[in-house]
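Computed from heavy atoms alone, side chains included, the values below leave out hydrogens, waters and symmetry copies. Counting starts at 1 for both ligands and their atoms, following the listed order.
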Amino acid sequence: MASASMQGLQGKVALVTGATSGIGAAAAEGLAERGAHVLVAGRDAARGEAVVSAIRKPGGRADFVRADLGDAQAVRRLAHDALGLGGDRVDVLVNNAGIYPFGPTEDTEEGLFDTVYALNVKAPFYLVAELAPMMADRGGGSIVNVSTIAAALGVSGMALYGSSKAALNLLTKAWAAEYGARGVRVNAVQVGPTRTETTAQAEEDLQSLAAQAPAGRPASAAEIAAAIVYLADDAASSFVQGAVLPVDGGRTAV
Ligand code: NAP
């Protein structure tokens, strides 16, 4: 377990969506290492419980909370369940759950369009609607949205996905304006190609996307999680509000 000096999130409750895999699982572990009680959200209970066990083993605190974030009602239920498990508080919200199907605009079925926007835009929107006012009432909190370089660059085949995350980038700033004066910091990480359970299934695409950045390699989930933990932790990033932080090996700088 982390040393006492690393316990900047001691006593805080952190809800991480999509924490059963990849970047979300790494963020859950990173937040727990700093002392947070982490609520691991996702659909897959077996993978969720594995993340919870990995956190509990060295003495961390975590619970799995099942949620399929397909519609606003389910999102509101997750907020309710999270508050129940967290003792009526959620101090940190990481909007990480997301899907990233790629393909030509003309081949995109309406159902897929709606699914991507439901998970990547509507779910964060209604989680913030439920939880940010409560954070403000308690005097503060931190919200971290997980975005992508495809939200900042025009990439062929990423119109649907990139546009959904561009909405999330704007929401990051709008929510910083809406809740920032009441102590709720809202920021985003704008992530470059990262090796996770999903992207590792298309290793060639991952490598060729990564080759376009100065770093020249994909990130590990832990490298992205480190930035999420930084933005979640008031002690580390107290004056950072409304920022969309590129964590992309330099891709959007060149
Ligand atoms: P991943 O390994 O595919 O994991 C996605 C997570 O989202 C899983 O925990 C999954 O949990 C959850 N999820 C999927 N559909 C859901 C639904 N309907 N309801 C609730 N949860 C759902 O993803 P990742 O690669 O770590 O990416 C995480 C985030 O980073 C995404 O927002 C993605 O857009 C962003 N990002 C990733 C990369 C990259 O290269 N990997 C780059 C830029 C940005 P269950 O299956 O248990 O539901």
Query - Within the 4.0 Å heavy-atom sphere of ligand 1, strictly under, residues - result: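 Residues near ligand 1: Gly18, Ala19, Thr20, Ser21, Gly22, Ile23, Gly42, Arg43, Asp44, Arg47, Ala67, Asp68, Leu69, Asn96, Ala97, Gly98, Tyr100, Leu119, Val146, Ser147, Thr148, Tyr161, Lys165, Val191, Gly192, Pro193, Thr194, Thr196, Thr198, Thr199.
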I'd like to know if [X] and [Y] make a salt bridge, using a cut-off of under 4.0 Å between side-chain N and carboxylate O.
{"X": "Glu203", "Y": "Arg195", "value": "yes"}
{"X": "Glu223", "Y": "Arg217", "value": "yes"}
{"X": "Lys12", "Y": "Asp234", "value": "yes"}

Distance-only side-chain donor-acceptor flag, [X] / [Y], under 3.5 Å:
{"X": "Tyr100", "Y": "Ser164", "result": "no"}
{"X": "Thr17", "Y": "Asn95", "result": "no"}
{"X": "Thr20", "Y": "Asp44", "result": "no"}

